[in-house]
Each structure stands twice: as structure tokens, then as C-alpha cells.
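Structure record follows, encoded as C-alpha cells.
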Amino acid sequence: MKFTLEKRSASFSARAGTIQTAHGIIKTPVFMPVGTHATVKALSNDELEAANAQIILGNTYHLYLRPGMEVMQAAGGLHKFMNWNKPILTDSGGFQIFSLAHLRKIEGDVITFRSHIDGSLHRFSPETSMEIQRILGSDIVMVFDECTPYPCDHEYARKSLQTTHRWEKSSKDHFQSRDPLYGHSQALFAIVQGSVYEDLRYESVKYLTDEGFDGYAIGGLAVGEPKDIMYDLTQKVCDKLPEDRPRYLMGIGKPEDILQSIARGVDMMDCVLPTRNARNGSVYTWDGKINLKNHRYKKDFTPLDPECGCYACRNHSRAYLHHLYRQNEILGMRLNSMHNIHFFLELTRRAREALMEDRFPEFYRDFFTRYPVEKDHSKENIVHRENRRKRHIEADESG
RNA sequence: GGGUCAGUGGCCGAGUGGUCAAUGGCAUCAGACUGUAAAUCUGACGGCGGAAGCCUACGGUGGUUCAAAUCCAUCCUGGCCCA
């Protein structure tokens, strides 16, 4: 893998570059659609390519459980399995340790996990995660980490960071001790943790850059902390990261977060929001998010976004999409997903274009002049997440 | 004509003397969703009021009772059975 820095904004930390991988070049800044189960939900590869997707994500934990490694190995890796011939980045399963916390037990460097599907016991370690990602054959492999929750006191964050660093070192050692399985090279990215604590974040950057990785991710953000903290830490961490390596802000975000992150020096982002919200009836436009299920769209025969060139906008009206959503028709979810993915990719594409043409500040300003930034729901989201978790547990217990 | 069962808020449906403006579900109206246990979750949902509260409501009417969606009488409407 090779990262080339092509352009730097004069007044922002934003930058444009390219990442050469075994499956092609990625132009950054880039948004990466999430395809947890070897599918970007509701979209075919053709549709992803029509939206100009350059790279997609897969998930170690989920693909390990289903379809399982035997299948993946027999298929010849994730690219062949899903017939996606462009770059793939796989998450290490670290996020699932956080989001499925009640099903796990951490003992030293081994995590005992109960499958959320059938309750079966599994043992995970940095080594396991690397082996799985070798079998998946992703172009970019993520180290195994712990994503700290929020709120999280300094002492917990410090201990968690120690563990995470140890795991990252083991990940690297194990990764380097094995060869790729399918004849193409794989890159390994580290993940900066440290919760909301500046000192820990700096310590993490220092440790990981001393160790040396192909790229650096920022993890553990957008887990419920206030927005200003998230933006501030993104800026501070990016400022300390080496210029000649790609930076990946994990799990971010809303359109405004994506642009704010790019402005702070982030090259790569991913988020489930465009696909999940599409299925739940929310779509994004240059004038803000719209909730398609609202009564006001019942007779709105304009496209979602008149400027958008996606299939849904070229062919259908808000009224039609409103109808499909309310009928719970599967096409509605597909069209909304096509649109949202197109929008997120177009946002990063335009940001890159502006950077290359030395007009990023204008682009940034124009975007925020027009796009109404959503209220910060970070506090409620903690409660929501907790409620949902409880419901899942109750559902498990009742059968 | 006789018998019998039933009529509950926009719909379906629980409740069978007070804790009932009345469980649920659907529909409706909003909101949320950030490395996907997510085609999911949350809230509102008779009227007026900021609230305490007041008013109107469980087919109609009239009763019993301190108190009725719930008991009694009668009428109306519908299902089923018998003639």
C-alpha cells in the first residue's frame, strides 16, 4: 500500500491524496460504505459502483460467525465471495467488544464471546482477528482494539489504552508473521484510542507511530460524547499524526461531521448512517436531512434532491418514496440507500475536488451556509443505546 | 315469532361494580439513528388547560348503588339456532 499526499489546504488541515492498494487506487478524502455482512445493505455491487464507491467495509466478528471461515477460505476470500473487486477494509471486531459488551469477558488478551446469534462460546484475541482478516483477504486490516464507552473515567480509559496498545502490538507481530493468502498484499492500520482525554490520545499517537503502521485510525469517538469534544480531539490527534500516512476516523458520521473531519485532516471515514437511515426513512440532501415518512411529502412530486444524479432522484419523486416507505416496500429502502450512499460519496468527492482546486474554504463555507446542522443528540443517544441493549437482552432471555 | 350471543375510543380488541379517559395491536402524528444484534427504537395519540383539574365518553333510554363500561329493565342493531 502506498499513500501519496497530493494537496494540502492553506487555511485548514484538510488534505487530498491517493492510496494505492492491491485492488486499485482510492482517492481521498473518501467515504467508505459499510458492508458488515459482506453486503452494503440493500445495494448490489453495480449500484455501489454507480454511486462511485471506491472501497467498502467488512466486519471480522460478523463474518467469522456467519458464514464462517471455512466458507470464506473456500471462496478464496471476501473479494471473491461477494464479487467486489475494489478495495475492502475490514474492521477487527474491536467495535463489537464494545457494542456487545454484555456478551463478553476479557481475561488478559483473550476475550471470551457469546455469539449474539446462537449463544455459542467463542474465543477472540488479537491473533485470531489477524488470522481471520488474512482469510478475508481485505486490502486494509484493522488492529484489534477496545472501543471505550462514554462516559468513561480517566482511570478506566488509561487501563483500556494499555490493553489496546498491547493488543495492537500483538496484532502487528502476528500480522507480520503470516503471509497473505491470495497473492495480494494487505496493509495494517493502527487505532488511536484514549477516550476523551487529550493526554491519553497523545500517548496513544506516540506509542503507535513509534511502532509504525501503514495508516492510523482514530477510534472511540461518536460514542455519545458532545460534538465539540469529538471535533476537538479529531483536530488534535490529526495534528500529531505523520503526514505521510492515511488517517481514518472510524464510524463518522453525519454529513456535517464528515466535512468537519475532512477540514481537520481526516482522509477516510465510514458510517452506517446513510444505509441505516435510508432503511428507516431518512434521506440526506444538500439542504439537510429529510424524514420521508412525514405527511408533508405525500404529494411532493419533486425529486429528493434536484441536484442529485442518483437513480432514485433521476427517476422518482418524494411522493413515491414516501409511499414506498409507508407501505414498507423493499424498493423504498433500496432507492433511499442508493440515494444516501450517492450523497455521502458525492460530498467527499466534492470536498476532494475543492481541495485539488484550492478552494476548500469556499466549499466548506458554502456547505454550512446551506446545510442545517442537526441538534446534538449525543446524550439521548446514550440512553437510546442502553434501551436497545436491554431489549435485546430481554429478547434473549425470553427465548 | 321464540331462544341465544354480542354491541368499548379512527379500526381490531382487552376489561365485567370503585385502583378506568379505559391493557394490547393497527392506523395516525412527530422524533432519533455515527468502526450495523437496526426494514430498528422512542414519544404523542377524546376535548379544554401551563398545571392541578374540569368536561364528554364503553349502542339508546331509564333504574339500582355512596360509586356503573361493568348489575337490572327496556328499546335499537347485528350474528347464530329453532319455528
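Each chain gets a letter, A, B and so on, in the order the sequences are listed, and its residues count up from 1.
Among the nucleotides A39(B), C33(B), U34(B), the one closest to the side chain of C271(A) is U34(B). Relative to the side chain of H62(A), the nucleotides G35(B), A30(B), U36(B) differ in distance, and U36(B) lies closest. Closest approach to the Q96(A) side chain among C33(B), G35(B), A37(B) is made by A37(B) (side chain taken as heavy atoms from C-beta onward). For H37(A), whose side chain is taken as the heavy atoms from C-beta onward, the closest listed nucleotide among U34(B), A37(B), A38(B) is A38(B). Of all nucleotides listed (C29(B), G35(B), U36(B)), G35(B) comes nearest to the side chain of Y248(A). Side chain of M250(A), nearest nucleotide from G35(B), A39(B), U34(B): G35(B). Considering only the side chain of S282(A), C33(B) comes nearest among U40(B), C33(B), A37(B). Here A39(B) is the nucleotide among A39(B), G35(B), U34(B) with the atom lying nearest to any side-chain atom of I330(A). If you check U36(B), A30(B), U34(B) against the side chain of H295(A), the one that comes closest is A30(B). Considering only side-chain atoms of F95(A), the nucleotide from A32(B), G31(B), G35(B) that sits closest is G35(B).
Between K254(A) and C33(B) there is a side-chain polar atom (N or O) within less than 4.0 angstrom of OP1 or OP2.
The CG-P distance, from N59(A) to U34(B), rounds to 15 Å in whole Å. In this structure, NE2 of H323(A) is placed 21 Å from P of A39(B), rounded to the nearest angstrom. Regarding K293(A), its NZ atom lies at a distance of 8 Å from the C1' atom of A32(B), rounded to whole Å. Atom P of nucleotide C33(B) and atom CG of L292(A) are separated by 16 Å, given to the nearest angstrom. In this structure, M269(A) atom CE and G35(B) atom C1' are separated by 13 Å, rounded to whole Å. One atom, CG of D91(A), and another, C1' of A37(B), lie 15 Å apart when rounded to the nearest Å.
Counting atom types as modelled, R279(A) pairs a side-chain N or O with a base atom of U36(B) as donor and acceptor under 3.5 Å.
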task: Give the dot-bracket string for RNA chain B, reading 5' to 3', where a pair is Watson-Crick or G-U wobble with both distances under 3.5 Å, ( ) marks pairs inside the strand, [ ] marks pairs crossing earlier ones, | marks a partner on another strand, and . marks unpaired.
output: ((((((((.[[[..)..(.....]]].(((((.......))))).(((....)))...[[[[[..)....]]]]]))))))).
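Annotation: C81(B) and C20(B) have their P atoms spaced 40 Å apart (nearest Å). Nucleotides A38(B) and G13(B) have their P atoms positioned 35 Å apart, rounded to a whole Å.
Note on ring orientation: taking the six-membered ring where Trp is involved, the planes of F367(A) and Y371(A) are parallel (angle under 30°, cut-offs 30° and 60°). Classification of the H184(A)-H23(A) ring pair by plane angle, with boundaries at 30° and 60°, yields perpendicular. Using cut-offs of 30° and 60° for the angle between ring planes, the Y61(A) and H116(A) rings count as tilted.
Between Y64(A) and H122(A), the ring center distance clears the sub-6.0 Å criterion.
Between E6(A) and M356(A) the shortest heavy-atom distance is OE1-CE, 3.8 Å.
Rounding to the nearest 0.5 Å places CZ of R326(A) at 12.5 Å from OH of Y297(A).
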